[in-house]
Amino acid sequence: MLRVGLAMLQGARYEHSEAIRAASLQLGEDVEVIHLKMGKQVDAELDCLILPGGESTAMRKASESESLLGAIYAWMSEYPTRPVLGTCAGAILLAQPGLEYDPFIRTGISRNAWGRQRDSFEAMLEVSLEVPIGKHVETSADKRNQFNHQPLPVQPSAPEPSSEQFHGVFIRAPRFEQSSIECIPIASLGEEIVGVLDGARLALTFHPELTGDYRFHRWLLHRASNAN
Ligand code: GLN
């Protein structure tokens, strides 16, 4: 059983829960998602972590009363081989931890660097990351809800594309400072690097949890089950 810690500070949290559930079914892996609200929940039993997107300043503030971020950073320092996925604001928190920590992702990052909320966009990305293939399972991304809304109609339905493309959803996204990237680029939008891997930490400036493509969540589970 893998235990996935999900930082419930603010932002797109529940979508990650659903994405992990789908990825675990695709891989046939038993998973428990722990909704982290207090620092004391961050313990040695966690196999991996997710820092969702949202608003990083609000997240830092939300963390103050229960010291969640401090506990997460301490956990990351103690278990450097356990994987962490940070999306959008989560990527900011990895690259700019503040407190007394060195960056967990070695790159500069600029907040809101694509512009304002209305400058948010979707675009096809190139991804190069080794991810186990998952079997097709029906998830909420395949269904409409009671309002006849459907989650973003983003790939894949079965079968998953073997191509290295990924549908990127950028919401008031940050940008990596391209000349300061000192880790491995794994996703790009044309010339621009939008995803990086630093050891076991993966930072994306977009939101894979808002799509029906769970590759990055499968990567997290796979890496967690192989971490030492
Ligand atoms: N603009 C947000 C921030 O600065 C990040 C946006 C997001 O996570 N979608 O924290």
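Below, all heavy atoms of this structure are taken into account, side chains as well, without hydrogens, waters or symmetry copies. Counting convention: from 1, in listed order, for ligands and their atoms alike.
- At a threshold of 4.0 Å, the pair K61-E64 does not count as salt-bridged, since none of the basic side-chain nitrogens sits closer than that to a carboxylate oxygen.
- Heavy-atom minimum distance, L202 versus W219: CD2-CE3, 3.5 Å.
- Contact of the I105 side chain with the V196 side chain is registered, since non-hydrogen atoms from C-beta on lie closer than 4.5 Å.
- Looking at residues two or more places apart in sequence or on another chain, you find a salt bridge (Lys or Arg N to Asp or Glu O under 4.0 Å) between E192 and R175.
- Under 4.0 Å from any atom of ligand 1, one finds heavy atoms of residues G53, G54, E55, S56, C88, A89, I92, R111, N112, I171, R172, H207.
- Under the salt bridge (Lys or Arg N to Asp or Glu O under 4.0 Å) criterion, E32 pairs with R3, not counting sequence neighbours.
- Residues forming a side chain to side chain contact (heavy atoms under 4.5 Å, CB included) with Q10 (at least two apart in sequence, or on another chain): E55, A58, M59.
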